[in-house]
Peer 1: 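One structure is given below, represented as structure tokens, and several questions about it will come after.
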Amino acid sequence: MTFVKICGLSTPADVDAAVEAGADAVGFVMSSRSPRHVTPALATTLVDHVAGRALTVLVTNDLPVDEAVTQAVATGVDVLQLHGPAYDAGAFAVAAEAGVRTWRATSLAQDPHPRTGSHGEDALLLDSPVPGSGHRWSAADLTTRPTGRWLLAGGLDPDNVAAAVAELAPWGVDVSSGVESSRGVKDHTAVQRFVAAVRA
Ligand SMILES: O=C(O)c1ccccc1NCC(=O)[C@H](O)[C@H](O)COP(=O)(O)O
């Protein structure tokens with residue numbers, strides 16, 4: 001069964017909508033310039049609200065790795081998603097030394113031949129170059145398809161996700177702006193439609 005992560009949640013009602021729709025994971029973004037940014041206090045509240053009903057993922061692209069690890073531990077998330085070129089293999093080693101499980105988010109522009117686990121990560125998320133933008137990258141450019149635990153992301157929505165899954169057979173999918181009514185505001189009906197489309 002395809003794993004589903006709904007990313008960029010910022011209220012307890014968002015969490016309930018994702019979990020009740022059947023999402024496997026929920027993501028909380030800690031990135032100063034994101035419309036989905038959550039403070040450490042809010043992230044902790046949201047993780048507590050999940051209460052084990054889904055995997056919790058802290059996502060960042062601009063925190064120094066030490067700070068990201070500190071926040072992952074403090075908020076109690078299951079996984080730290082280090083997103084983009086700021087994080088090299090050394091950064092993943094820092095997280096591993098602290099006992100923090102990681103996912104690595106990259107794009108074909110950054111990493112033309114992405115390989116799950118190349119930085120010691122538990123899963124790979126293949127995204128567009130601008131995270132959370134809804135930009136759809138071309139699967140035709142994917143010459144080497146990752147194997148193992150990899151998630152497809154970037155421009156997915158309830159109407160295109162089934163075809164994307166059929167075409168690329170990823171281990172999982174991730175969505176943010178494709179299930180929003182306006183930037184940073186989750187549309188709970190769209191969340192439900194997205195998960196149902198993947199499951200169907
Ligand atoms: O969503 C953000 O604003 C964001 C900001 C900084 C780093 C990562 C961010 N999102 C991470 C995700 O995993 C998104 O779900 C992924 O980029 C897909 O986004 P979308 O194309 O909008 O579905």
Side-chain angles (χ1 to χ4, degrees), residues 2-11 14-15 17-18 21 23-40 42-43 46 54-65 67-68 71-72 75 77-87 91 102-111 114 116 121-139 146 149-165 168 170-187 190-191 193-195 197-198:
T2 309
F3 188 96
V4 180
K5 169 171 163 256
I6 308 291
C7 200
L9 308 186
S10 56
T11 69
D14 289 347
V15 166
D24 300 291
V26 289
F28 308 119
V29 174
M30 225 179 255
S31 173
S32 53
R33 274 173 285 169
S34 171
R36 308 169 183 101
H37 173 71
V38 294
T39 62
L42 178 55
L46 294 172
L55 193 81
T56 52
V57 183
L58 181 68
V59 179
T60 187
N61 66 345
D62 65 359
L63 287 179
V65 67
E67 174 65 11
Q71 293 301 343
T75 55
V77 289
D78 299 304
V79 172
L80 173 62
Q81 179 179 317
L82 295 175
H83 208 112
Y87 305 105
T102 50
W103 286 7
R104 181 170 71 95
T106 188
S107 67
L108 287 185
Q110 180 192 333
D111 190 349
T116 308
E121 73 275 19
D122 194 47
L124 176 81
L125 189 145
L126 198 48
D127 198 1
S128 78
V130 187
S133 64
H135 175 71
R136 184 95 192 264
W137 51 275
S138 171
R149 292 160 68 92
W150 75 280
L151 293 96
L152 179 66
L156 296 176
D157 63 35
D159 297 320
N160 66 20
V161 69
V165 168
L168 293 168
W171 172 77
V173 290
D174 170 286
V175 66
S176 187
S177 54
V179 291
E180 290 179 344
S181 54
S182 60
R183 226 166 137 60
V185 179
K186 288 293 177 283
D187 173 340
V191 168
R193 286 183 56 227
F194 185 89
V195 180
V198 178

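Ligands are counted one by one from 1 in listed order, and the atoms in each one are counted from 1 as well.
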Peer 1: Which heavy-atom pair separates Asp62 from Met30 by the least distance, and what is that distance?
Peer 2: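 Shortest heavy-atom contact: OD1-O, 3.8 Å.
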Peer 1: With His83, which of Thr106, Asp127, Thr60 fulfils side chain to side chain donor-acceptor pair (under 3.5 Å)?
Peer 2: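 Of Thr106, Asp127, Thr60, side chain to side chain donor-acceptor pair (under 3.5 Å) with His83 is met by Asp127 alone.
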Peer 1: I want to confirm something. Looking only at heavy atoms, which of His37, Arg36, Arg183 is nearest to atom 2 (C) of ligand 1?
Peer 2: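 Closest candidate by heavy-atom distance is Arg36.
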Peer 1: Backbone N or O of Leu42 within a donor-acceptor pair of the Thr39 side chain at under 3.5 Å?
Peer 2: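 Indeed, once roles are kept as given, a pair shorter than 3.5 Å links the two residues.
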Peer 1: For Val59, counting its heavy atoms only, list the atoms of ligand 1 lying under 4.0 Å from any of them.
Peer 2: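 It comes down to these atoms of ligand 1: 8 (C), 11 (C).
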Peer 1: Under 4.0 angstrom from ligand 1, any heavy atom of Gln81?
Peer 2: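 Right, Gln81 reaches ligand 1.
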Peer 1: Can you check which of Pro35, Gly132, Ser34, Gly134 brings a heavy atom nearest to atom 3 (O) of ligand 1?
Peer 2: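 Among Pro35, Gly132, Ser34, Gly134, the closest heavy atom to atom 3 (O) of ligand 1 belongs to Ser34.
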Peer 1: Among all the protein's non-hydrogen atoms, which is closest to atom 11 (C) of ligand 1, and how far away is it?
Peer 2: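 Closest protein heavy atom to atom 11 (C) of ligand 1: His83 CE1, 3.5 Å.
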Peer 1: In terms of residue, atom name and distance, what is the protein heavy atom nearest to atom 23 (O) of ligand 1?
Peer 2: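 Among all protein heavy atoms, the one nearest atom 23 (O) of ligand 1 is Ser176 N, 2.8 Å.
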Peer 1: Looking at Gly154, which atoms of ligand 1 are within less than 4.0 Å of one of its heavy atoms?
Peer 2: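 Near Gly154, the atoms of ligand 1 are 18 (C), 21 (O).
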Peer 1: Compare Ser31, Pro131, Ser32 and give the one whose heavy atom is closest to atom 10 (N) of ligand 1.
Peer 2: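 Considering heavy atoms of Ser31, Pro131, Ser32, the nearest to atom 10 (N) of ligand 1 sits in Pro131.
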Peer 1: Only one of Ile6, Leu151, Leu156 passes side-chain contact (heavy atoms from CB on, under 4.5 Å) with Val173; say which it is.
Peer 2: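 Only one option passes, and that is Leu156.
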Peer 1: Quick one: does any side-chain atom of Trp103 pair with a main-chain N or O of Trp150 as donor and acceptor, under 3.5 Å?
Peer 2: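 Judged by distance alone, no pair lies under 3.5 Å.
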Peer 1: Under 4.0 Å from a heavy atom of Cys7: which atoms of ligand 1 are those, numbered in the order shown and with their elements?
Peer 2: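 Close to Cys7: 11 (C), 12 (C), 13 (O), 15 (O).
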Peer 1: Enter the distance from Arg149:CZ to Asp122:CG here, rounded to the nearest 0.5 Å.
Peer 2: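 If we round to the nearest 0.5 Å, Arg149:CZ and Asp122:CG are 4.5 Å apart.
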Peer 1: Does any N/O atom on Asn61 come nearer than 3.5 Å to any N/O atom on ligand 1?
Peer 2: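 Looking only at distances, the answer is no, because the N/O contact criterion of under 3.5 Å is not met.
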Peer 1: Can you list the atoms of ligand 1 that are under 4.0 Å from a heavy atom of Ser133?
Peer 2: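 Those atoms are 22 (O).
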Peer 1: Closest non-hydrogen protein atom to atom 14 (C) of ligand 1, residue and atom name please, with distance?
Peer 2: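 Minimum-distance protein heavy atom for atom 14 (C) of ligand 1 reads Asp174 OD1, 3.3 Å.
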Peer 1: Do Gly155 and ligand 1 have an N or O pair less than 3.5 Å apart?
Peer 2: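 It does: an N or O of Gly155 is found under 3.5 Å from an N or O of ligand 1.
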Peer 1: Is there a nitrogen or oxygen of Asp127 sitting under 3.5 Å from a nitrogen or oxygen of ligand 1?
Peer 2: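 Between Asp127 and ligand 1 (N or O atoms, distance only) the closest approach is under 3.5 Å.
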Peer 1: Does Asp14 use its side chain to pair, donor to acceptor, with the backbone of Ser10 at less than 3.5 Å?
Peer 2: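 Present.
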Peer 1: Under 4.0 Å, heavy atoms only, figure out whether ligand 1 is touched by the backbone of Ser177, its side chain, both or neither.
Peer 2: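 Ser177 to ligand 1: contacts from backbone and side chain alike.
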Peer 1: Under a 3.5 Å distance rule, please check whether Asp111 uses its side chain to pair with a backbone N or O of Leu108 as donor and acceptor.
Peer 2: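 Here the side-chain-to-backbone pair does not exist.
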Peer 1: Are a donor atom and an acceptor atom from the side chains of Ser177 and Arg183 found within less than 3.5 Å of each other?
Peer 2: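 Their side chains do not contain a donor-acceptor pair, so the 3.5 Å distance test is not met.
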Peer 1: Near Lys5, which atoms of ligand 1 are under 4.0 Å from a heavy atom of that residue?
Peer 2: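 Numbered from 1, ligand 1 contributes 13 (O).
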Peer 1: For side chain to side chain donor-acceptor pair (under 3.5 Å), just list the numbers for Lys186 and Ser176, CA-CA rounded to whole Å, side-chain angles, deciding distance to a tenth of an Å, and then say yes or no.
Peer 2: CA-CA 8 Å; Lys186 288 293 177 283; Ser176 187; 3.3 Å; yes
Peer 1: Could you list which atoms of ligand 1 come closer than 4.0 Å to a heavy atom of Val29?
Peer 2: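 Under 4.0 Å from Val29, ligand 1 has these atoms: 4 (C), 5 (C).
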Peer 1: Before accepting this row, confirm whether a basic side-chain N of the pair Asp187/Arg193 lies closer than 4.0 Å to the acidic partner's carboxylate O.
Peer 2: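 Here Asp187 does not pair with Arg193 in a salt bridge, since their nearest N and O are not under 4.0 Å apart.
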